Amino acid sequence: MAAFALSDGQRETLRALCDTVISRLSEEEVAETLRIPLADVDPEHVKAFCKTRGSDLGVPEAVEAALATHLPADIQRELSILLTAMGTRLGMLVLTGFASSFAALTPEQREQAVTGLRTSAISTKRKAFMSLKSLIALKTMGLDWSKTNPLNHGKEASSIWAALGYEGPAPHAEIEALTKAAGREEFVYTMLNSTISKDTTLTFDVVIVGSGCGGSVVAAQMAQAGKRVLVLDKGPYFKRRDMSSVEGEAFDKMYDRGGLITSEDTGISILSGSCFGGGSTINWACSLRTQDHVKKEWATEYGMPMFADGTFDAALDAVCSRLHVTIDGVVHNGSNSVLLKGCEKLGYEVDTAPQNLADVSWWQGGGFVSCGDRYGNKQTATETWLKDAALAQTPAQFADRCEVESVLHKGGVAQGVKAHIVGADGVTKYSLVVNAPIVVVSCGSIQSPALLLRSKIPDPHKQIGKNLRLHPVTGATGVMPKDHEPVRSWQGAPMTTVSNVVAAGPDNDMYGSKLECPIVHPGITSALMPWKSGAEFKKRMLNYPSTAAIIVLTRDKYGGEVRIDKNGVARVYYKVGDHLVRSLLQGLEKALRLFEAAGAEQIVLPQFDEPVILPPLSDPKGREKVLERIIKETQDIKFPLYKVPLFSAHQMGTCRMGTDRRASVVKPTCEAWECSGLYVIDASCFPTSSGTNPMITTYGIAYMAAQGLVQRQASSLPSRY
């Protein structure tokens, strides 16, 4: 298949789109922008920010590279057709009403044309706008342009970031000095790839596909039991110095499909890790244990008593101890402090969230954990379980950049895996067959079912890929007054607070929402920021240092599905139902009330083109009136497709465990019903959504399953439920 590339005409259109979303402001607009009071920001950086266009930075090239690298062929074709149409008079007439190519329009006409797509009653037009605007904004604000933007003010400084008060990641030398002083020496892994220079067949006792929260624990337990273990991961292995902590680079290199996975039918953005260490490498440190009502539900409704008889609790204790999970001494950053203040004022339930950190005091690099932790502070799989596996008496072996095509099986028995691996030269791919009587699939809830489907694992009841849960998320941001202490939400550990004020849900069935604080770097902030015009967009981004964010994370009751296309690529389908909408709205109402109570002067919601301006604190009745109005309007607008974005960082349930083979994929031991020796051990085996960040639950299930597997191997007992 030929590599994807845009034509010259398509590139001209893309360049014009980039320069419309990220436009050069007029002298009048620059002067108006400079009148905005900004603390500790050099006005010369603000001028450069205002005058910089997307094409000045190389954003069109970065967008094209992302499309070529991360998107399936059919989506590439769709975007190619769109760019081609926007390069013709007829196409533009149909799409926007302008009988001219997009690039030939004046800047004012381009904004009108883009606004027409954004506000269209036709969802496919809104989809086109949202997809391109989000990617353009992410590449503009999320990458380090300090050495390439010709309009930068001064040397070695990105005026894009400096205007936002964002200092970016710390230099490697500074971090290495800190980690050395803290005694956090890095453990360096050796990858099997260095021995591969031809098509290869290997034999192990256990082969594990995936190195995240599930696979890492199994690797440690099996290696310590004396088994020869090989761990494969399709993503690359990053040493600390290999990570840049630049947001846009992290998305490209450490997230599945560059962070561009969306549900096919509803456009929900889905983030999942794709690097050595899996999701643990790029997730946050929020370490919430499985809730009692969830354990009870899994024990009683799904027939698995180990979740309520103390067995699972013992597993949670063990993993939390190894991960250094603690609540003592946790320091809250700006956003979390806003959430705490609002909850305390309103009397909402709020708790400090435990963290899996070696040091929970103020952590300089804490806000960059979604880009990989160069400080060695977060206790990821690479800092804990994979290290245990590597140091076992029978050391586990590891391979990165190894994409498993299928599980080998015959007569209902697993035999190993077939893969392609990047060899010793770092470029050439070779065929790799690993023969092993135990195959553990730990690829996450998107890729695990895809692997099973590609492998044609027997599935008489059509359960593989079903029951997908996403913990769909919406959110809002609040701009705090200029006399408020700067929020700087990218600094310090994220998500150190959680409110369960609406956890019971609109139907009081414990399928409700949690209120939490996310990491908000400039790229993701700009991707989600409502866009009305180039000038308005830049003005809103200048509020970034004063902006606090609250997300509404729902425990979804009803599921979607993962399927594979004709090329074996995972595709996600997920309907947004009434229960989910009511739960999201219930949580969003509380988030808006929290911002008002904490003293916000503006509230930004994707439902509205303009920020909502709240009256001053001296006018409480006026603030209450505006608050009630926007709550009512938000509930009326809801979440229109491709207008109000929803996203997910938690995927669960697509290889559900259970005692009824007609309604599950694996047994309570995590062994597949229809293929002995094949285990699925990750969040895909959750019976339902967990309602909390699933990291600790996944680790706990993996520990419990691995302990059982070790015991059965020692006694040669079959897997039973």
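Computed from a prediction, not measured in an experiment: that's the story for all the values here.
Between D556 and Y574, the side chains place a donor N or O and an acceptor N or O closer than 3.5 Å (distance only, hydrogens not considered). Side chains of Y166 and H521: a donor on one and an acceptor on the other come within 3.5 Å. Using modelled atom types, one finds a donor on one side chain and an acceptor on the other under 3.5 Å when comparing W490 with E167. Between the side chains of H471 and N693, no donor-acceptor pair of N or O atoms lies under 3.5 Å.
The backbone N or O of P687 sits less than 3.5 Å from a side-chain atom of R656, completing a donor-acceptor pair. Of the possible polar contacts, none joining the Q355 side chain to the V360 backbone as a donor-acceptor pair under 3.5 Å is found. Side-chain N or O atoms of D256 include none that pairs as donor or acceptor with a backbone N or O of S272 at under 3.5 Å. In this structure a side-chain-to-backbone donor-acceptor pair under 3.5 Å is missing from S287 to M695. The closest donor-acceptor contact from the side chain of T654 to the backbone of L468 lies at 3.5 Å or more, if one exists at all.
Relative orientation of the F398 and F276 rings is perpendicular, given thresholds of 30° and 60° on the angle between their planes.
Closest approach of D373 and M243 over heavy atoms only: N-SD, 3.8 Å. Across all non-hydrogen atoms, the minimal contact from I701 to C670 is CG2-SG, 4.1 Å. Nearest approach of I564 to R454, heavy atoms of both residues: CD1-N, 3.8 Å. Nearest heavy atom pair, residue D199 against residue S431, reads OD1-N, 2.9 Å.
The line from OG1 of T496 to CG of L357 is 10.0 Å long, rounded to the nearest 0.5 Å. Here the CD1 atom belonging to I551 is positioned 11.0 Å from the CG atom belonging to L528, to the nearest 0.5 angstrom.
For E403, the side-chain contact (heavy atoms from CB on, under 4.5 Å) criterion is met by K234, not counting sequence neighbours.
Considering H172, E186, E176 as possible partners of R241, the one that fulfils the side chain to side chain donor-acceptor pair (under 3.5 Å) test is E176.
In this structure, R563 satisfies the cation-pi test against Y573, with its NZ or CZ atom closer than 6.0 Å to the six-membered ring centre and inside 45 degrees of the ring normal.
C213 is not listed as a side-chain neighbour of W385, based on a closest heavy-atom distance of 4.5 Å or more.
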Let me see the working for E383 and R240 under salt bridge (Lys or Arg N to Asp or Glu O under 4.0 Å), right down to the final yes or no.
CA-CA 11 Å; E383 297 287 340; R240 293 177 191 169; 3.1 Å; yes
